[in-house]
Structure formats: structure tokens, C-alpha cells
Amino acid sequence: MAAYDFDAIELKWQKRWETDRVFNVTEDPARPKFYNVCMYPYPSGDLHMGHVRNYTYGDLITRYKMMRGFNVLSPFGWDSFGLPAENAAIETGIHPRTFTETQIARMTQQIKRLGAGYDWDRELAAHEPSYYHWDQWLFLKLYERGLAYKERAPVNWCPKDATVLANEQVVDGLCDRCGTVVEKRDLSQWFFKITDYAQRLLDDLEGLQWPERVVTMQRNWIGRSEGCQFTMQVADSDLSFEVYTTRPDTSFGMTFAVLAPEHPLVPALIEGQEVQHEAEAYITAARAATEIERVAEGDKSGVFTGRYAINPVNGALVPIYIADYVLMGYGTGAIMAVPGQDQRDWDFATKYGIDIIRTVQPPSDFEGEAYTGDGPAINSEFLDGLEMDAAKAKTIEWFEAKGIGYGTINFRLRDWLISRQRYWGCPIPMIDCPDCGLVPVPEEDLPVIHPDIDDYAPGGRSPLASSPEFVNVDCPQCGGPAQRETDTMDTFVDSSWYFLRYADASNDEAIFDPDKVKYWMPLDQYIGGVEHAVLHLLYARFITKFLADMGMVGVQEPFARLFTQGMIQLEGGKMSKSKGNVVTPDRFIESHGADALRLYHLFIGPPTEGAIWSERGVDGTSRFLDRVWRVATGEVGQPESRPETDADRGILALAHRTVEKVTEDIDRFVFNTAVAALMALSNALTSYARDGARQETLDEVLRLMLLMLSPMAPHFAHELWERKGFAGMLVYHAWPEPDPALLVEETVTMVIQIDGKVRDRLDVSASISADEAEAAALATEKIVGWTDGKTIRKVIVRPPNLVNIVVGE
RNA sequence: GCCGGGAUGGCGGAAUGGUAGACGCGACGGACUCAAAAUCCGUUGUCCGUAAGGACGUGUGGGUUCGAGUCCCACUCCCGGUACCA
């Protein structure tokens, strides 16, 4: 049993904060604002420990920044469209809306029981018409500006279930429901033209206070490369194709060319060739594979088309292959292959017995296969002797002079495919008219309400297609019979702007009031899982830039400071509902209370790193709170009023050093060591109280302790604050400042090493000089013993911490 | 495969290139108790040694340095992402 009735105390303060509207805020130009958001969750039904970790960090920041004098906005919402609700509906027949709203109700209760402070007036949920109305509006704006377009693209298709599958539903190339081999089917689908923003998305990464690893991942994902595109003529025909290469300098080393299996030229190329059947079978197989399988090393495969292309730099004939390690989605879908300088090409050439010509001289100690580094060009006629960059430039010049190629910039980033052949998502507000073509739904007709249907399973067409009342409409342009778009939007569309809606969440006239958004944006802190490092964060940046271009948002970047937390693991696997290893917070709140649970989350390890959930961990933080409680409620020792002694000054100095340490740790987002420092203070305080505390000192140390605990274990801290009779409600109190005079340490332990090994220690004055330190170190009994009869070659002195005596041989 | 990250006692973890293992869990010993729980006190990296003390020790192999968990090179394994999980 805990030393205090956490259940009663926690409920009491949760109610108090709610009635006092402590976390409900409005724009206030007089105060500095702080906009703090945790990534909104998918309502999966139960809070898991990853959520608790997230909201514990978020709430710590909210409360800490409030104590620092900021007008803090901390809202909450739900990413409530998505696949799981639809799957549940297919399995159980429960409507996805009912299912989702039940889950939301359940999770809301759990979140409130954690005691995290949110402005619930701004709560939003993506599946509500009041929200997805503006998804549709956003789509129309993108369409108006030519940033939404329709094009054919493949989807995963299970022929047995006659349904479209998400990548997640394809396991080892098989349908995860029935085990049938999954195929690809081409469907006409909507894309957002994020590639128009590629350069800006890359450039604006500079200057963000983001973890370096996330910036690197985004930079690599956008994948800007400078290279050269040129035309390759197919021998004995008038066919030709374009290739893109980042290494035009290696053109003389081209010994084959490769087309992606989906390349439009392929059918014409293999038509009538001996290999036609083999090639067609290969193409079918390649289309069935996932991209990851296709580009994986080790089993590169392809087929020779029987045709040759002409290498424009030297007129050599090179065989044309079809191989699935070349992707249609990148560059031109065709490459010149230079096995001497590219490992993938090397692997392929080795497997198929193709010539390898080195065109860059590797260093003499090079032992690898393909050499991708810099060096003088060889076997390359007019390039010979040039270093890589010069050779690149000269080749591009040569291509441009001949009019067969040009220098160009390429991005790895592809346009964002937003069409989903699913029920539980936002309807795309477009109408297909046989006379007028694609016609947008007029803004005044929004929202296009999501219809109720009976069969949620995506069959040969999108589920929404099964509702004739939904599909059949009058064309807004000509009034004739027309049909609605039946695909829904990727849920990443919902999550790419929700943080803007929080600023004006109940606006039913517009997506938001730009003035309110301009007050709150950008987010001063965004906290979420590291698994969102690329997709969500990139899409949100894109949409923010788009709305900024419309003049509706005042910033180019939505998330000024980002924190990505590591994932909580449970014996070797990520916690997720699908893996059935979710640990909910409920039983820990029942047995130890929300504060002890929150504190354990802060203590479990560095926030950036993953952590393994330990069943007993909460015991430790719970015992810590108990100890503080006992001291604060006078159960330890008999404090009295008396003159100040060294012991009193000692504990007070420790408290101030702890304030300094905890403040630093919070500012650099490292909470485990902050909690450890508070535990150390509590241990010292307990001994101090037992050995006879001075009342005034004890109260002051406790006061500082409660202030520091306030953002971490808020109910506990508030209750003791009130019981001790300290003034006001703790949440409104200012964060403590350490007294510099109390931070100075007078003596330190100096380490004495011989050849880098610790041989003795000495307590010295913190202001000891180098000469004094050296003399003192050489004079200790142990050191005299170690150095006796040896030559001292050198002494490294770093006063007051260390002396290293180099003896050697 | 590619991109990003990680590896330190029995366990979670701490450590501006300068005392490896803070803080906590667990375990062991003790106090209190009829007993147990709770609480409190102590011990706790490994090996040798009665002790004093010593040797070894941060995934593996090299390197830089007076000094490396920390920096560099090459690996191994684990985790996240890989564009329709969110």
C-alpha cells in the first residue's frame, strides 16, 4: 500500500483543474505563447504505454512552460479514420463510426485519468463531418491550383477476395487473410503534387530545431541528386529511351542498359523476340513483388530482351535487359548500367556474365568490387585523367553540345498517392460527368457526407460505390447525370493539418481563422513517435507550405521544435494492437496511481531511445513518492526551530543544485536523469529529517521539491503543496531559480592516475593551482610507492579534477 | 537491399575525451513483527586474496590519444522507416 490515498487525491485534482479551466486558453498578445502538441492518436481502443509516454512528456512540457510564464496551448484530438475500424466492421458488422466512437470514449477516460492537462474545448476527430469538410475543401484548393491530379497507379490486389490490400496486409507476397498470391492492378487514382515542393521541403529543413537523425532521414527521403538525362537509341530500330544517371562521368563504362519491367517501351522492345514469353512472365512476377523485395540485394534477376542500345559516347552496342531492381517510379525508369562503378550493376553483371570496365581508377589498396569513390577517369577517351566532378561536368557539356542529353536535377521523392479504395476515410469531393469530365464539388455543397452502407469490404470497386444514392448525382456544371468519386483519402491527409485546426476548432464557416492560426503557429513543441520521422512530418510540412502560399498560415514550417520519442517495447517486439502485446495503463493506475506511473515513464530511460517495459519499475517511483510524502507529512524525525548548522546548509545547497540539474535536464529533454536527481535529493532529505531537521530548512527544501515535481507528478505535488499551506495553486506558481551562491562547491575529489589508471584519490580545494595539484599528487603514499624507482616522463595536470603521471618503461 | 538509430552489471539505465556502473529494479544479509506485508539499515560488475590490495571489464576486431563507453576505420546482432498500419 502506498503511504497516501492516490486515488482520491488524483481524482480530486483532476476535477479541480477541470472546474477551474486551468488548461483552457485563448489568444493573449500580452503574453508569450507556447503551442505544445502530442501527435494525435489513432483511437485503437486502449491506451498503450507508448501513448502514456507521449502524454507524460507532453504534459510535463505544458506545465513546465506554464510555470515559466507562457500562455500554453495543449489540445487533443483523434486520428479517427483508418483501416482498423473498417476491419473490425468487416469482422463484427459493427459500423466503423460506432466502433470508433466507442474507442474514443474509452480512451478519453484513460487519458483524463492520467491527469494530463488539455484544452478539451478544442477536441477534434477526423471522422466527424465538421472536420473532414475541410479535408475536402483542402482537396479542392489543391485541385484548383493544379496540385491534385488523377493518374493510373498500381494497387495490391487479392484475386480470391477480390479486394484491394494495404501493404501491411501483404505478408511475403501473400494476402494475410487467405494466403493467395497478391497481384498488382492499375487503377486511376488521385495524387497530390508534393514534388513541386521538393526543393523547398529540402531547403527549409535548415534551421529547424529537430533531431538531426530526422532531418537526415527527410533529406534522404527527398533525395535530391544532380545528374544527367540522355537519350539512348535502340540499335536497328527507331526506338529510343531516356536514361537518368548521377554518374555521367562513367558513361564509357556502360556495358548494358536496364529498363524497369513497367517501362512503356518494353512491349515494343520484346515484340517478336525469342524471349518474348520469358520476358512477359518475368514482368508479371516483378509486378507482383513489393518494391522492397525488388531492390533487395542478393537475388538480382532480369531477362535479356535480345535487343541492343547504342552507347552515345563511343557508339558501342550494349545489351538491353529488363530487371526489377530498376524502378519505374524513380528517374526515367531506365538506366545505363556501369558495373565497374555501381555495386548493383556489378552484382547483375557478374550473374549474367556481362563485361565490366572500370572507368575510375580505384586507390591501390582498394579490395572491393564496384568502386564508387572519386579518382582519375580511365578508359574514357576525352575524360581520362579528370577527377569525378570535372569529368561529370565535361560529359554533360558533351551531351548538351550534341543535343542528346542535359544536366538535370532529380528527386527521389514521388507524388503523394492519396486515393484509397476503402470505406472509412474522407470522401474525395469530385464528380465524374460523361460530358464535362472531372468536376469538383462546389464548395457550398461541402461536406460530401460519408454514406452509411452495408458492405464495408473493398470489393472489385471502392465500398462507397455500393451506395447508388451516394454515387449518382447531377453534374454541378451541366446538370446531367454524373457519378461521384468513390475513393476516400489517405488518412495522412487528415493528419497533415489538424494542428492548424486546433487553433480554431469549432469554426464551421472556414477551415480556420487565419488570425488565430497566426497567433499560435508554429508549434513550439511537437512530440511523437520516431516512426513518423518521414511520412507524416513531410506531408504536414507540405500542406503547411501550401496553406502559407494561400496566405492562410503565417509560417513556412509548422513544427519549430520536434521531439521524437523512442518506442516502448515489450520483450522483443513493438507494442501494437495487432501483435497482441499491449500493456494498458489501467492496472498500474489502480495499483500505484497515475503519478507513480507517469514518473516511471519519465524514469524508464532516455526519451529519445526505445525502452523495455518492466512490470516492477513502477514500484520504484511509487516508493520514491511515498518517502517524500512521509517526510512532508512529518512522519520522519522531529523537526524543530533552531539556528542553522552545516547540515542545514548542506541539504539546502543540494536542493539548489538539484533545481539547477532538473532545469537543465528538462530544457534538453532528458527526464530520466532529472527524476534520478530528485530521488537522490529525497534520499538525502529523508536522512536529514531523521537526524533532526531544522523546520525552516526542511520546509524550504520540500517547497523546492514540490515545485520540481509539479510537472511530473502533478496530483501528488498539488496535494502536498496545499497541505503544507504554501500559497496559491501550484500549477500557477513560477518555476524555481537556483541561488548561485549555494551552487559553489568548495572541495572536490581529485583523481591521481599513473599511465591512465586510477591509483589514488585526494580531497582538494576546488581552487587548487596546477603546481599545487601536481605536488600534492606526487607526494601521496600510494603514488610514491607506484613511482618509486621509475622515471616520471610527463605529468598531465587538470586541476582540480585530475593528475595523470606518465611513467612508461 | 536502402535510410536512420542502438548495444554498458542479473535487469532498466548513468557518465562536457578525465573516478565506468549515478538513480532505480531484483537478489542477499540484518532490524521491526507471534508471523507476514509495509518500512528502515547494510551488501551487491567479474575473478584472485583472510585482509590490505591487485587483475580484468562498456557487442567484435583494429586505430588515434598521456588517457577511449565516448573519437576514427572495418564488422556482428537488434530496433524503427521503406511511400495503402498509423
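The analysis underlying the following values was restricted to heavy atoms, covering all of them including side chains, and did not include hydrogens, waters or symmetry mates. Owing to the predicted nature of the structure, the values given are computational and were not obtained by experimental measurement. Reminder, nothing fancy here: chain letters follow the sequence lines and each chain counts from 1.
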Check your understanding: Looking at C66(B), does its base get a donor-acceptor pair with the side chain of N804(A) below 3.5 Å?
Key -> yes
Exercise for review: Output yes when at least one side-chain N/O atom of N167(A) is less than 4.0 Å from OP1 or OP2 of A83(B), else no.
Suggested key: yes
Point to revise | E91(A) versus N87(A), side-chain donor and acceptor atoms under 3.5 Å | key: no
Exercise for review: Check the pair F81(A), Y132(A) against ring pair (Phe, Tyr, Trp, His ring centres under 6.0 Å), reporting the backbone distance first and the verdict last.
Suggested key: CA-CA 10 Å; F81(A) 273 137; Y132(A) 69 68; 5.8 Å; yes
**Study point:** Side chain of A676(A) (C-beta onward), nearest among A15(B), C66(B), A22(B)
**Key:** A22(B)
**Study point:** Proximal nucleotide (of G24(B), C84(B), A86(B)) relative to the L417(A) side chain
**Key:** C84(B)
Revision key, fill the gap. Mate of U50(B) across any strand shown (Watson-Crick or G-U wobble, both atom pairs under 3.5 Å) is none
Check your understanding: Looking at C84(B), does its base get a donor-acceptor pair with the side chain of Q421(A) below 3.5 Å?
Key -> yes
**Study point:** Donor-acceptor pair between D79(A) and S495(A) side chains, under 3.5 angstrom
**Key:** no
Exercise for review: Provide the distance between the two C1' atoms, one in C32(B) and one in A38(B), to the nearest whole Å.
Suggested key: 11 Å
**Study point:** Nearest-neighbour nucleotide for the Q753(A) side chain, C23(B), C84(B), G18(B) considered
**Key:** G18(B)
Point to revise | Donor-acceptor pair under 3.5 Å, E609(A) side chain vs G5(B) base | key: no
Review point. So does E615(A) reach the base of C11(B) with its side chain, donor to acceptor, closer than 3.5 Å?
Key: no
Revision key, fill the gap. Here the distance between atom P of C23(B) and atom CZ of R616(A), to the nearest Å, is 20 Å
Practice item. With a 4.0 Å heavy-atom cut-off, tell me which residues in residues 756-763 of chain A come close to RNA chain B, sorted by residue number. Key: K757(A), V758(A), R759(A), R761(A)
